[in-house]
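Worksheet: the structure to be examined is printed underneath.
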Amino acid sequence: MDLLNAMNAPQKEAVMTTEGPLLILAGAGSGKTRVLTHRTAYLIQEKKVDPYHILAITFTNKAAGEMRERIDRLVGFGSEAIWVSTFHSMCVRILRRYIDRLGYDTNFTIYDTDDQKSLMKDICKRLEIDTKMMKEKMFLSVISSAKNEMIGPIEFANRAVGDFTKRKQAEVYAEYQRALKQNNALDFDDLLLLTVELFKLDKEVLTNYQERFRYIMVDEYQDTNTVQFELIRLLAMKYKNLCVVGDDDQSIYKFRGANIYNILNFEKQFEDAKVIKLEQNYRSTQNILDAANAVIQNNIGRKAKRLWTENGEGEKIQLEQLDNSYEEADYVVRDIDRKVRNHEYRYQDFAILYRTNAQSRLFEERFISKNIPYKIVGGVNFYARKEIKDVLAYLKTIGNGHDDLSVQRILNVPKRGIGATSIGKIMDFSIEHGCDFYEALCHADAVPKLGKAADKVRPFVNLIESMRVLSQNKDVVELIKAVLDQTGYVAELVAEGTDEAQARIENIDELISKAADYMQTAETPSLNDFLQEVALVADIDSLDEDTDYVVLMTLHSAKGLEFPNVYLTGMEDGLFPSYMSITSDEIDGNGANSEVEEERRLCYVGITRAKEHLTLTAAKSRMVRGETQWSKLSRFVKEIPDDLLKGSYSREREVPRFESPGFQNTPVRKYVSPSQQRQFESATTGAMNLNYGVGDRVSHMKFGEGTVTALVSGGRDYEVTVDFDTVGTKKMFATFAKLKKL
DNA sequence: GAGTCCGTAGTTTTT
DNA sequence: CTACGGACTC
């Protein structure tokens, strides 16, 4: 049949294995999306499965959208009955229907990271926790990990006996959860956790969904966490037609609770599971794949596989080590500019990838000055911007009066002369009477000692009430415009007249167009439905293939994407792999530093994004927190065999060593740029002999052994920071320290 | 209650 | 270096 044409043998097998548990180990670029979509079509057309019984889960909305589109094209009529969804939006959909069985209101609000932070701040204040000693962030991450492992507040408390910090955490966890419930709000982790709880508590609901989802497919399975696993397990328990697709080499979200053993142990967890490997790559050249294989094979404890391709060898991988981060940005941008001018490629054929968001700035500056269109994915999420959050807080308040956090956010935005003291008094009142913050506002006259502030509260309540009436007619665009109009929010920004205010206005306009777009596409538009959609978008979702711009993003965001030209930038030890991971002592079951292994997988992901040309760049020095950091080439680069590489770089040298010219044996290949030559010459005029760099182990006469954590150029000398094993961190001048490399 | 200034901490990664 | 938060002042 047509569906199987032009597929290789394992792909065909994956498509035709429709019954029972199936693990598809799909290497990068091996056509897994194609397999998933064709498998879906096969289920419907050949196996006569009702589309209503199929569920496909992805990680991002973008992936879900793409899959939906491709399935629609393949299946045609009836395909809309298939659930194609992210974990989170699937859970929201289920919870909106049944969460009242867990004692929540179905109108619940979803709290994002920002909301969580402000809630946590309140809680710490209330529990009189010294946030200098215990950070809000720490509590949130502890709670998140607990939720990911499905440990509730009570169990957490039971495990916390004895340990003071743990007991405090348990106390905060319980209070946090209570506050969320009182606000009728759920955080991201709750969406998953409460769905699992619902399934476990209410067999009727579970059976209902088990009957519905008789065929389940999960994409990016290597990034699922324990709750997600449980969710899938429960759903698939009855019919056992579970197909998961993933690549253990691309597991890069451990920090977020992803459990790599979900994929490594799939065959143990699901009896009689079949495993199919897809190793033929259709994306990259052989050279790129060789490099990727060379890097990833340094990881221990992975499922054996080796990518191959029928594509040609292709170009060698360009490796450029520049003097500093400015030259790195310059090199990359000029290279892109040149290739576009030569009509070899268009802007959209290029992606610049980096480890940390902070690295994007230098590239951005270059793009602006050269007038090259670009798009930065990530950084501050659109929906996390202040002005957007303000508008959304109005909408949330209108839609859900129990959401105290949103009400408090906007009560004095724009300024109404209601300050912290008044808010405190109202809060006390609401706690005393066991009512919502908003309810307290409605009875402002009854709040003791509020005085004149009560007169300022009244217009606010009237505003919200009139907006609630307006929201009845379901037009979100009209509602937003009315809010902006009535509050004078935009007018205030216009009056400000700064560039920043202008940018905020543009963002608000964009929100309005998004709302307009929503009104057009939603089946049954409503305020709450709009808010939930908005709460679950990721920045990557906004990436548009049809617009001609260069894309800049972190390696994490790049997963699942591909580009003809990829620049992996900042390939320096200490940056990538990060200093944190290098010095981590977390050892996995195989005796390897599991954090460096995760970074290596990230590198593997980066390399395999490239279809035709891969360029690796590194800077010898870069400004980090206002200090010049010197680093050597990333260890990952050194894992790539020499014969796959071309370009100007030095394998060994990292820190400028101030040696006598006679000792010069820098293995610079092929070409030494004039600037490099100049640097060498000026360097040789010094009299120092530094043979160590950041990350190296050194010994000091008095302090013993330690690791170099920073190397700052300070005129003629270098200021070295060393983290000593016994005496802690010391800063010293290299001339006097007389450190010996170990 | 609001605005300004100064000090400190922070850089992984995000649904 | 930058961004945020806290303290201080008007």
Side-chain angles (χ1 to χ4, degrees), chain A residues 57-64 85-92 110-114 116-118 121 131-132 135-137 140-141 144 147-148 186-193 220 223-225 227-228 251-258 325 353-362 377-381 383-384 386 411-424 451-453 456 532-541 553-559 570 574-584 595-596 598-599 601-603 605-606 622-629:
Chain A
I57 303 177
T58 62
F59 261 78
T60 63
N61 295 300
K62 184 169 188 283
S85 165
T86 65
F87 271 107
H88 292 267
S89 49
M90 172 181 80
C91 289
V92 173
I110 301 165
Y111 275 6
D112 65 18
T113 325
D114 261 25
Q116 287 178 288
K117 271 190 204 145
S118 26
K121 222 173 145 186
T131 50
K132 287 220 170 69
K135 293 271 159 60
E136 289 97 331
K137 237 173 127 182
L140 284 171
S141 88
S144 178
K147 286 184 178 178
N148 281 330
L186 272 62
D187 66 16
F188 285 130
D189 300 317
D190 281 343
L191 295 176
L192 304 164
L193 191 60
E220 308 281 14
D223 287 326
T224 50
N225 61 29
V227 199
Q228 287 163 336
S251 160
I252 54 175
Y253 283 114
K254 201 183 93 184
F255 70 93
R256 202 170 71 184
S325 45
L353 308 182
Y354 35 76
R355 179 68 238 271
T356 65
N357 276 311
Q359 288 166 254
S360 65
R361 244 187 64 183
L362 291 178
V377 176
V380 186
N381 188 324
Y383 291 100
K386 183 186 173 297
L411 179 55
N412 201 29
V413 177
K415 302 259 178 299
R416 297 188 176 88
I418 310 167
T421 332
S422 301
I423 291 184
K452 277 178 291 178
K456 296 169 181 166
Q532 112 181 18
E533 197 155 294
V534 152
L536 295 176
V537 295
D539 207 46
I540 191 77
D541 299 335
M553 66 187 125
T554 63
L555 287 152
H556 282 89
S557 310
K559 197 182 62 170
L575 183 62
F576 185 41
S578 74
Y579 177 69
M580 299 280 262
S581 66
I582 295 173
T583 51
S584 161
E595 299 213 3
V596 170
E598 174 136 327
E599 300 263 317
R601 290 194 289 269
L602 197 51
C603 182
V605 168
R622 92 171 48 235
M623 289 282 263
V624 181
R625 303 217 276 273
E627 290 182 339
T628 310
Q629 286 262 12

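Naming: A, B, ... by sequence-line order, numbering from 1 per chain. Every heavy atom of this structure was used, including side-chain atoms; hydrogens, water molecules and symmetry mates were not.
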So do [Y] and [X] actually touch side chain to side chain, heavy atoms under 4.5 Å?
| X | Y | result |
| --- | --- | --- |
| Arg622(A) | Thr628(A) | no |
| Arg256(A) | Asn225(A) | no |
| Leu192(A) | Phe87(A) | yes |

Return the polar atom pairs (N/O with N/O) between nucleotides 13-15 of chain B and the protein under 3.5 Å, or none.
residue : atom : partner   : partner atom : Å
dT13(B) : OP1  : Asn357(A) : N            : 3.0
dT13(B) : OP1  : Asn357(A) : ND2          : 3.4
dT13(B) : O2   : Arg355(A) : NH2          : 3.0
dT13(B) : O2   : His556(A) : NE2          : 3.4
dT14(B) : OP1  : Thr554(A) : OG1          : 3.2
dT14(B) : OP1  : Ser557(A) : OG           : 3.1
dT14(B) : O4'  : Arg256(A) : NH1          : 3.0
dT15(B) : O3'  : Phe59(A)  : O            : 3.0
dT15(B) : O2   : His88(A)  : NE2          : 3.0

For [X], all residues meeting side-chain contact (heavy atoms from CB on, under 4.5 Å), sequence neighbours excluded:
| X | answer |
| --- | --- |
| Lys386(A) | Asp390(A), Arg409(A), Tyr489(A), Arg504(A) |
| Thr554(A) | Tyr354(A), Asn357(A), His556(A), Ser557(A) |
| Glu599(A) | Arg355(A), Phe576(A), Pro577(A), Ser578(A), Ser581(A), Phe636(A) |

Table of protein N/O atoms under 3.5 Å from nucleotides 1-10 of chain B N/O atoms:
residue : atom : partner   : partner atom : Å
dG1(B)  : OP1  : Gly419(A) : N            : 3.3
dG1(B)  : OP1  : Ser422(A) : OG           : 2.8
dG1(B)  : OP2  : Thr421(A) : N            : 3.4
dG1(B)  : OP2  : Thr421(A) : OG1          : 2.2
dA2(B)  : OP1  : Gly417(A) : N            : 3.3
dA2(B)  : OP2  : Asn412(A) : ND2          : 3.3

- prompt: Charged N to carboxylate O below 4.0 Å: is that the case for Glu220(A) and Lys559(A)?
  reply: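 So Glu220(A) pairs with Lys559(A) through a salt bridge.
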- request: Nearest 0.5 Å please: distance from the CD1 atom of Ile423(A) over to the CG atom of Asn412(A).
  value: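 Nearest 0.5 Å value for the CD1-CG distance: 6.5 Å.
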message: Please report the distance separating the C1' of dG6(C) from the corresponding atom of dT11(B), rounded so that it comes out in whole Å.
response: 22 Å
message: Under 4.0 Å from OP1 or OP2 of dT2(C): is there any side-chain N or O of Arg361(A) that close?
response: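 For Arg361(A), the contact criterion (side-chain N or O under 4.0 Å from OP1 or OP2 of dT2(C)) is met.
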- request: Please assess Val227(A) against Lys147(A) for the test side chain to side chain contact (heavy atoms under 4.5 Å, CB included), listing each intermediate value before the final yes or no.
  value: CA-CA 8 Å; Val227(A) 199; Lys147(A) 286 184 178 178; 5.9 Å; no
Protein-nucleic acid N or O pairs under 3.5 Å, nucleotides 8-10 of chain C:
none

- prompt: What's the verdict on side chain to side chain contact (heavy atoms under 4.5 Å, CB included) for Leu536(A) and Leu191(A), showing C-alpha distance, side-chain angles and the deciding distance?
  reply: CA-CA 11 Å; Leu536(A) 295 176; Leu191(A) 295 176; 4.0 Å; yes
